[in-house]
Amino acid sequence: MIATQLHLMKNFHLAILLPLLLQLPSAAQESPFFVTYTHHMEEPGNLDLEFSTTNGLPRSGQRAYVAPYLELEYGVTARWTSELYLEGQSTSGDSAVFTGWRWENRYKLLGREHWINPVLYLEYEDLNEASRIQKEIEGGGPDLTSPNALLSPTRDHELESKLILSSDYHDWNISENFILAKNFSQSEGIEFGYAFGVSRPLGTLASGRDCHFCRENFSLGAEVYGGLGSTLDFGLHDTAHYFAPVLSWAVSDNSTLRLSPGVGLTHETNPVLIRLGYTYEIQDFTQRVAKLFGRRP
Amino acid sequence: MKLIGWGLFAALLATPAFAQNPRYQPDPEWRAPAEAQARENPLAARPELAAGGRKLFIRNCVECHGRDGAGMEKKHSADLQLSLVQQQSDGTLFWKITNGNAKCGMPSFSKLPELQRWQIVLYIRTLKP
């Protein structure tokens with residue numbers, strides 16, 4: 001089972017790492033977090049293509065899995081970012097399934113930078129119960145023990161909102177996310193969750209030369225996230241919580257690699273959750289599309 | 001032949017003008033508070049760091065302001081070579097890079113470390129014609 005898991009991870013990670021070999025030196029600035037959102041929005045007109053995986057190593061009674069997802073993040077305006085996710089999941093000794101899609105929108109409430117910068121987040125999810133990417137954890141967390149055949153026929157139509165509070169203080173970013181989610185397909189009440197993150201770039205001055213491994217190209221941090229039950233059963237009882245160090249490496253002007261080896265803090269989690277992500281930014285996407293269709297930009 | 005030569009010369013001069021924004025008008029409401037205007041660049045005594053600022057400028061600003069900082073008419077972005085930009089204090093430019101101006105499509109670059117934003121200010125000063 002472990003061998004199958006390693007094979008799955010090797011193939012997927014190879015697909016992510018291959019484009020890196022084609023990159024030129026230099027750097028882009030991306031948040032290193034996988035779960036926690038900051039107030040930094042996508043630049044207007046730019047499109048980020050993100051390929052990520054959430055890999056769960058099993059505890060007894062669980063199976064190892066790889067949950068890949070594709071994220072398209074577009075800067076609609078300087079204060080509004082919209083994202084579409086497509087996600088799947090492959091469980092060792094079980095099957096591979098498409099688990100659904102999500103569409104999220106983030107709106108920065110204040111035009112200027114403040115001590116605390118609030119952002120409103122609204123997401124619609126059309127997923128099935130086999131979803132394992134765990135972009136956030138609400139309620140008790142996902143079912144990590146049942147087989148895909150049992151989980152995937154159950155569809156969830158969910159509306160999720162977040163209040164994102166984020167501060168930049170002496171090059172540290174400190175962000176807090178408070179989550180409310182309502183699943184319209186099942187009577188689960190309103191579910192709650194949280195995510196907190198702290199990060200900092202390793203180098204605060206940019207060197208004059210192009211370099212792959214300069215300190216300025218790396219950001220380090222940590223995030224904590226988990227579920228807080230629901231209106232039917234509020235609290236920490238039977239909920240999943242993770243602590244995860246995060247590292248991002250700006251590989252080139254427009255691409256970033258991120259890694260996060262998370263540790264499950266409760267019995268409802270995977271003992272280890274490894275996340276890997278690769279982001280490629282297409283600058284001026286709107287203008288490029290306009291040119292493609294012959295419109296004078 | 002001479003006429004063709006002058007024509008080519010004129011075309012060469014005209015080419016960059018398409019990418020510039022000579023009609024740039026600053027947003028009168030986009031004003032840094034007095035305290036921010038008065039801030040001095042902590043890197044002012046280290047002009048060699050403008051090279052890093054150039055790298056950051058190419059990465060983050062060229063898309064809208066152009067490689068020479070002359071702005072783009074289609075994006076309503078500022079011509080950073082203009083005296084009305086160069087006359088602004090270091091603190092004002094830093095504040096504008098930090099906060100952006102969402103109304104005009106200028107994003108906030110507060111995601112960059114503070115010193116890197118000051119490096120960009122150093123580089124903008126080198127764009128003075």
With a 4.5 angstrom heavy-atom cut-off, could you sort out which part of [X] is near chain A: side chain, backbone, both or neither?
X: B/Trp118; answer: neither
X: B/Lys103; answer: neither
X: B/Thr98; answer: both

Taking the basic N atoms (NZ, or NE/NH1/NH2) and the acidic carboxylate oxygens, is any pair closer than 4.0 Å for B/Lys111 and A/Glu43?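 Yes, this pair counts.
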Can you tell me which of A/Gly203, A/Ser207, A/Gly75, A/Gly45 forms the most heavy-atom pairs within a distance under 4.5 Å of chain B?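 Ranked by contacts with chain B, first place is A/Ser207.
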Please report the closest heavy-atom contact between A/Ala78 and B/Pro107, naming both atoms and the distance. CB-CA, 4.1 Å
Looking at A/Glu216 and B/Gln116, what are the two nearest heavy atoms and their distance?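 So the minimum-distance heavy-atom pair works out to CB-NE2, 4.0 Å.
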Of the backbone (N, CA, C, O) and the side chain (C-beta and beyond), which part of A/Asn117 lies under 4.5 Å from a heavy atom of chain B, both, or neither? neither
Pick one of side chain, backbone, both or neither for A/Arg200, based on which atoms fall under 4.5 Å of a heavy atom in chain B.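 Looking at A/Arg200, nothing touches chain B.
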Report, by ascending residue number, the residues of residues 37-53 of chain B in heavy-atom contact with chain A at a distance under 4.5 Å; give 'none' if the set is empty. B/Leu43, B/Arg46, B/Leu49, B/Ala51, B/Gly52
Using a heavy-atom cutoff of under 4.5 Å, enumerate the residues of residues 162-181 of chain A that contact chain B, numbered in order, or state 'none'.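 Residues A/Asp168, A/Asp171 are the ones that qualify, each having a heavy atom under 4.5 Å from chain B.
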Keeping the roles fixed (side chain from B/Gln119, backbone from A/Ala206), state whether a donor-acceptor pair exists under 3.5 Å. yes
More than 12 heavy atoms of other residues, nucleotides or ligands under 6.0 Å from CZ of B/Arg54: is that the case?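 Not buried by this count: 12 neighbours or fewer within 6.0 Å.
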More than 12 foreign heavy atoms under 6.0 Å from CH2 of B/Trp30: is that the case here?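 Yes, the 6.0 Å shell around CH2 holds more than 12 heavy atoms from other groups.
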Point-to-point distance, once rounded to the nearest 0.5 Å, from [atom1] of [X] to [atom2] of [Y]:
X: A/Asp284; Y: B/Met72; atom1: CG; atom2: CE; value: 7.5 Å
X: A/Thr204; Y: B/Glu114; atom1: OG1; atom2: CD; value: 9.5 Å
X: B/Ser110; Y: A/His39; atom1: OG; atom2: NE2; value: 3.5 Å
X: A/Arg112; Y: B/Ser108; atom1: CZ; atom2: OG; value: 10.0 Å

Indicate yes or no: at least one non-hydrogen side-chain atom of B/Glu63 is less than 4.5 angstrom from one of A/Asn46. yes
